[in-house]
Amino acid sequence: MNKVYDKIFKYSLQMIVIIFCVFPFYYSVMTSLEGSSAVFEPNFFPTEINPKNYNYLLFEHNFPQTILNSLFVATVTVSISITISYFAAWSLSRVNFKGRSMFLFVILAISMFPQIAVLTGMYQLFLNFKDFYFNIFDLRVKGVTSLLWLCFTYTMFNIPFTVWVLTTFMKGVPKEIEEAAIVDGASSFLILRKIFLPIMTPAIFTTAIMAMIAVWNEFLFALTFTATNSDRTITVGIALINGTIEYEVPWGSIMAASVIVTVPLVIITLLLQGRIMSGLTAGSIKG
Amino acid sequence: MADININTVNKYFGDVHVIKDVSLDIKSQSFTVLVGPSGCGKSTMLRMIAGLEDINSGTISIDGQVVNDLPPKQRNIAMVFQSYALYPHMTVFDNMAFGLKLEKRSKDEINERVNEAARILQIEDYLQRKPKQLSGGQRQRVAIGRAITRKPKVFLFDEPLSNLDAALRVQMRVELAKLHNELEATMIYVTHDQTEAMTLADDIVVLDTGIVSQKGSPLELYDKPNNMFVGGFIGSPKMNFISSKILSKSSDATEVDIMGMSKISVSKMSASSSEGDSVTLGIRPEHLVVNGDSDGSWESKVFVVEKLGDVTYLYLEKDGEPLVAETEGHSEIKVGDTVKVGFPAGRCQLFDSSGQAFK
């Protein structure tokens, strides 16, 4: 009898957590499918299915452009930060040099730095960067300036975090594997490429996804450094969706936009889920 | 083919002096076992020969060439690690072929060598598996196979069997001995297990806190330990040590007392000793004569009896001096009995107060 109660208790707790987490998302999906007046009537199930919000966003608004912008910034930022952090993690976990722990501590300290604290300084730098960029490149591609600058600042804020996480993961790879490769005649670079990279793949994917989500959801810098509709990223894009009249908040469109931007994240996470697993070194060492 | 000469080598880890002026000559094609308790520096010695650890002073040469500044791959060595250290993402075949691929060998040669090693180690059926699909013994074979394929002049083993269970360890031990005969390579083997050392070695090097305590053949170390440390380390159960005094000295023998109960004249001498000096008498449990006549004797109550089938160990004690004696498997002796143990003079060792053996 006790077992039955245990089960009921366990499942009801799980249900509460799931409802708590998933309900807002469910409600936004539902809202996004409703027409303008139905949005304002609270209900648990949609009274009508109306794709007009999606139609508006995808075909009449520049929303697709903001998605592309975000994808560009996220891809560039994550690739650069992961590449740099991978090598940094190796030296911070394997090479003995003076001040290594100090260095790690500084990295941790930097990653706690609030964005708002450097915002004004970053803006001044951005203006200088813009001048520099305009002087070198043709004006036709000037729209890219903001996005490039976003990539730069995001990379700057991401690297401490990715370095820290990858260093921790790399410290967990047994030293003997590396030593066996050294005895086998492999150079450091070859070890990084042929031994560490395959072993670290799950860790790299995990870190990349976390960095990607951070970049995808960033708002403050994106708002500050983008000036025209053509170089908005999605977070700013959603915030700037207008209603038909000044006093209307276009909930339907906002919810549809939220759904659209969440979907890629969910898909990426699901695709890479198989890669995010621990225990890839299984069988290498004793156990 | 590949003598190894180690000449007054020193190694510090920070302020800790772990290897102190060690000199060793290891003969080509010999099987040398470095043995000692944890922290004695035996693994560090091996890693210095491998090139994974720098040395602070002295020289190490392999085959006449000083290798102090050569990276591991130029030393013509292969190493087998205690934790196997296989590459988890590669198949058994790729694990074994990795070193050969780095040497840019031809495909045919790699295939041939890996299959040859797999045949010797009987792992041909597992070549396409990943390490995680193998048992501990199979993984250790792959680790050894990885070393064999490269045909090095020197094999270095760092406690390769200590992660295996007891039965498998005995089996692998025999296979290692066979492998040594088959490959005719120089092998250096680190272990803390004195049974492995005794059974495998041509030469045993006993290390004690960074110095070589004694080097010699297994039986040399068993019969004539240089000092108390070696006497106590080689042999299981341990050699008995009994405190004693020199009663008299003659030209070729030293007479000592055994717990004030009897005297024994041991034909061993130490020039620096004199009458009345404290000495330690060492004798192995298997050499004591239980309830029989011998050169000197000792009587005590039995506290514990361990019956192992082939032998029985009696744990005795008298005035705080413990003693273990071995007797036949089906002994009638019970706890609480008083037994007389005899000391054959020819089997006794004497150690002076600093632990050095009388010769």
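Every chain is numbered from 1, with letters handed out A, B, ... down the list of sequences.
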Problem - Any donor-acceptor N/O pair, B:Y87 side chain to A:A181 backbone, under 3.5 Å - result: yes
Completion exercise
Heavy-atom closest pair (B:K73 atom, A:G185 atom, distance to 0.1 Å) is CB-CA, 3.4 Å
Exercise for the section: May I ask you to check whether over 12 heavy atoms, not counting those of A:F113, lie within 6.0 Å of atom CZ? Expected result: no
Practice task
Apply the test side chain to side chain contact (heavy atoms under 4.5 Å, CB included) to residues A:E179 and B:R47: give CA-CA distance (whole Å), side-chain angles for both, the deciding distance (0.1 Å), then the verdict.
Solution key: CA-CA 10 Å; A:E179 287 175 342; B:R47 292 167 59 82; 2.7 Å; yes
Exercise for the section: Can you establish whether the number of heavy atoms outside A:F97 located under 6.0 Å from its atom CZ is more than 12? Expected result: yes
Handout entry: Contact winner vs chain B - A:D184, A:I195, A:V183, heavy-atom pairs under 4.5 Å
Key = A:D184
Exercise for the section: Determine whether more than 12 heavy atoms belonging to other residues, nucleotides or ligands lie under 6.0 Å from atom CZ of A:F219. Expected result: yes
Fill in the blank from the handout: In terms of heavy-atom contacts, A:A186 and B:F98 come closest through CB-CE2, 4.2 Å
Practice task
Name the region of B:L102, side chain, backbone, both or neither, that has any atom closer than 4.5 Å to a heavy atom of chain A.
Solution key: side chain
Handout entry: Where B:A85 and A:A180 come nearest, the two heavy atoms and their spacing
Key = O-CB, 3.8 Å
Practice task
Count the heavy atoms belonging to other residues, nucleotides or ligands that lie under 6.0 Å from NZ of B:K20, then report whether that count exceeds 12.
Solution key: yes
Exercise for the section: Check whether more than 12 heavy atoms from other residues, nucleotides or ligands sit under 6.0 Å from atom CG of B:D54, and answer yes or no. Expected result: no
